[in-house]
Amino acid sequence: MPAYARALLPVLARIRRHRVFTIVLTAAAALRVVTMLGYPPARMYWYDSFAYLHNAVHLRPEQGLHPIGYPLLLRALLPFHSVELVVVLQHAMGLATGVVVHAALRGRGLPGWAAVAASAPVLFDASFLRLEHAVVSDTLFILLVVAATALLVRRPVPSARAAVTAGLLLAGAALTRTVALPLILLVLLLLAVRRVPWRRLAALALAGLLPVAAYAAWYGGVHGRFGVGGTDGVALWARTMTFADCAVIRPPTDLAPLCPNGTVLDAAGEYVWAKDSSLNRLPGGHVALNDRARAFALRAVAAQPLDYLREVVKDTALAFAWTPVAHPARTVPAFGFALGTWSLPADQPLVEQVRREYDPDLTAMRSVRPYADLLIAYQYPAYLRGPLLAAILLLGALGALRRPRRTAALPWAVAVTLLVAPVAVLDFDHRYVLPVVPVACLAAGLAFAPPPRRAAVRRARELPRAEPVG
């Protein structure tokens, strides 16, 4: 038998062993090809996409909401000067996320059908197709978090190599979206409860925190302040604008101008950009006002903790609606595939610069029939309804409670943190719910995982027998 044929034998054996998932993965890949054909070249967000692409060309810590992780990926693709290639890679990342979920659950002894069911939302939900087709950091973030979580649940006690790799992946997630920063500490706490040896905890902590600290030092060298961003206080201030009462807060004179000024908007995040909000009427800009905004927000939360909690619970509950809620009202929620052309924003100053420096062929996204028609029809049934997400989270919670020393607790806690944290520090967004889905599915699957010894026996029985070579 030729050498190349012998090299293919393990691959073919794995495909035979997971033939159902191979078919499912092929169908998911076909959907992503249809998305590329139906909506060329890519979906561009007004601020985020152009800021990311600009930062990829001029690599330096940004003072806004975006750390360096996603721009580093875009920088690696810069020689190709194509946003279409960016979204091709992101569609591949979406497929890889489904593979990671499936492999993790099969490794813990779940039957094939259960592992396929757990990976199906990330592979087939139309919201993921749209997200992967946009020049934003979310797809990279999801893959990093899911891969880190899967590594830590492969065994009751992760190996030293798995701990270090998971720490690096979580560091990458934190440097892609800062909402992942608490995940490093959360994972360390949960592993300590599982009585993981302290050396492995230390290895994970160092691998997770050292890259973040290095970036914070770089940020400090550029901007004069140790940190990973310069508008966290503005975000938290916006969160408080839906409930703040300065008669209760009694802010000092220097913070009083940040009180609500009568401008009423339908979502907390809108206060960050609204020209009439109290913060945007002050001189200096977001970065200069960030410390004052944070000081006001912390006073507001301390003075009105129940009001703050009520707003967080109310907005988090939007994730569980049967029909997706437009929040804010100007946005398109989950059902976003449509016919038309989406012009590049005329009021975005970075558009022409991005064209010159990153992709000279960048054009407005447009729909192409009949591929767009297929996706428009597909998106309505292919959407994970809110009550189904609640049921998945409930299954994970039951598994964590039923087996407190088992591994379902870790992905469930990660999922809940990813669900609540963005709302707690800024606002609800349907984009921010999507990272919850694959981790919650992982937790729900682990709730039914057999004990490790039984899982090992099941894996051994499923291994293909050696075939004669000739």
Side-chain angles (χ1 to χ4, degrees), residues 31-58 62 64-66 70-71 73-74 77-78 80-91 94 126-140 265-267 269-270 272-276 280 324-380 427 429-432 434:
L31 278 172
R32 283 154 175 82
V33 172
V34 172
T35 304
M36 293 290 302
L37 294 173
Y39 292 92
R43 186 182 181 198
M44 306 295 290
Y45 280 79
W46 175 83
Y47 170 72
D48 300 75
S49 298
F50 297 100
Y52 282 128
L53 291 167
H54 177 264
N55 201 14
V57 178
H58 307 277
E62 182 191 302
L65 297 170
H66 305 133
Y70 188 57
L73 173 67
L74 297 176
L77 299 176
L78 177 59
F80 300 97
H81 297 288
S82 171
V83 297
E84 283 187 290
L85 181 61
V86 172
V87 295
V88 167
L89 179 59
Q90 290 179 175
H91 284 305
S127 299
F128 283 96
L129 300 179
R130 291 178 59 235
L131 187 68
E132 294 162 18
H133 202 62
V135 182
V136 286
S137 63
D138 303 56
T139 301
L140 173 62
L265 302 169
D266 65 342
E270 295 291 274
V272 174
W273 308 108
K275 294 180 179 179
D276 293 332
N280 290 324
V325 178
H327 181 86
R330 64 177 176 81
T331 62
V332 177
F335 305 141
F337 284 123
L339 296 176
T341 299
W342 292 263
S343 301
L344 297 176
D347 58 342
Q348 171 52 260
L350 293 177
V351 171
E352 290 306 318
Q353 189 171 356
V354 166
R355 271 199 178 117
R356 288 194 308 270
E357 298 177 339
Y358 199 94
D359 185 354
D361 298 324
L362 178 63
T363 58
M365 188 179 76
R366 67 191 187 279
S367 60
V368 177
R369 309 179 84 166
Y371 310 105
D373 296 312
L374 292 173
L375 292 170
I376 291 167
Y378 174 81
Q379 67 185 337
Y380 294 102
D427 200 358
D429 191 305
H430 287 279
R431 276 175 56 198
Y432 301 158
L434 294 181

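Counting from 1, the numbers follow the sequence of the chain as shown. Worth knowing before you read on, the calculation uses all heavy atoms, side chains too, and leaves out hydrogens, waters and symmetry mates. Predicted model only: the values in this text are computed from it and were never measured.
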Quiz item: Taking only residues two or more places apart in sequence or in another chain, which ones pass salt bridge (charged side-chain N to carboxylate O under 4.0 Å, His left out) with Arg431?
Solution: Asp138
Quiz item: What residues form a side-chain hydrogen bond (donor to acceptor under 3.5 Å, both in side chains) with Tyr39, not counting sequence neighbours?
Solution: none
Quiz prompt | salt bridge (charged side-chain N to carboxylate O under 4.0 Å, His left out) contacts in which one or both residues fall within residues 353-368, not counting sequence neighbours | solution = Glu352-Arg355
Quiz item: Taking all non-hydrogen atoms of both residues, which atom of Leu375 and which atom of Thr35 are closest, and how far apart?
Solution: CD1-CA, 3.6 Å
Quiz prompt | Set of ring-ring contact (aromatic ring centres under 6.0 Å, His included) partners for His58, sequence neighbours left out | solution = His54
Quiz item: With a 4.5 Å heavy-atom cut-off, do Leu31 and Phe128 have their side chains touching?
Solution: no
Quiz item: Do any N or O atoms from the side chain of Asp266 and from the backbone of Pro328 form a donor-acceptor pair under 3.5 angstrom?
Solution: no
Quiz prompt | Listed partners of Trp342 passing side-chain hydrogen bond (donor to acceptor under 3.5 Å, both in side chains), at least two apart | solution = none
Practice problem: Only counting residues at least two apart or in another chain, list the ones meeting salt bridge (charged side-chain N to carboxylate O under 4.0 Å, His left out) with Glu84. | Solution: none
Exercise. Mind checking side-chain hydrogen bond (donor to acceptor under 3.5 Å, both in side chains) for Gln90 and listing every partner two or more places apart, or none if nothing turns up?
Key: Tyr70
Quiz item: What is the minimum heavy-atom distance between Val135 and Ser49, and which atoms define it?
Solution: O-OG, 2.7 Å
Quiz prompt | Partner set under salt bridge (charged side-chain N to carboxylate O under 4.0 Å, His left out) for Glu62, not counting sequence neighbours | solution = none
Quiz prompt | Worked verdict on Met44 versus Val351 for side chain to side chain contact (heavy atoms under 4.5 Å, CB included) | solution = CA-CA 10 Å; Met44 306 295 290; Val351 171; over 6 Å; no
Quiz item: Is the shortest heavy-atom distance from the side chain of Leu37 to the side chain of Val368 under 4.5 Å?
Solution: no
Quiz item: Where is the tightest heavy-atom contact between Ala134 and Val87, given as atom of each residue plus distance?
Solution: N-CG1, 4.2 Å
Exercise. Under the salt bridge (charged side-chain N to carboxylate O under 4.0 Å, His left out) rule, collect the residues that match up with Asp373, sequence neighbours excluded.
Key: Arg369
Quiz item: side-chain contact (heavy atoms from CB on, under 4.5 Å) with Leu85: which residues, sequence neighbours excluded?
Solution: Leu77, Phe80, Ser82
Practice problem: Name all residues meeting the side-chain hydrogen bond (donor to acceptor under 3.5 Å, both in side chains) criterion together with Tyr45; count only those two or more places apart in sequence or in a different chain, and write none if there are none. | Solution: Arg43
Quiz item: Closest heavy-atom contact between Thr139 and Gly94?
Solution: CG2-N, 4.2 Å
Quiz item: Of all heavy-atom pairs between Met365 and Pro41, which one has the smallest distance, and what is that distance?
Solution: CA-CD, 3.9 Å
Exercise. Please confirm whether the backbone N or O of Phe337 pairs with a side-chain atom of Gln379, one donor and one acceptor, at under 3.5 Å?
Key: yes
Exercise. Please name all residues satisfying ring-ring contact (aromatic ring centres under 6.0 Å, His included) with His66, sequence neighbours left out, ordered by chain then number.
Key: Tyr47, Tyr52
Quiz prompt | Min side-chain heavy-atom separation His133-Arg32 under 4.5 Å | solution = no
Practice problem: Heavy atoms only: give me the nearest Tyr358-Leu74 pair and the separation to one decimal. | Solution: OH-O, 2.7 Å
Practice problem: Give a yes or no on this: more than 12 heavy atoms of other residues, nucleotides or ligands lie within 6.0 Å of atom OH of Tyr378. | Solution: yes
Exercise. Give the intermediate values and the outcome of side chain to side chain contact (heavy atoms under 4.5 Å, CB included) for residues Leu73 and Leu89.
Key: CA-CA 10 Å; Leu73 173 67; Leu89 179 59; 3.7 Å; yes
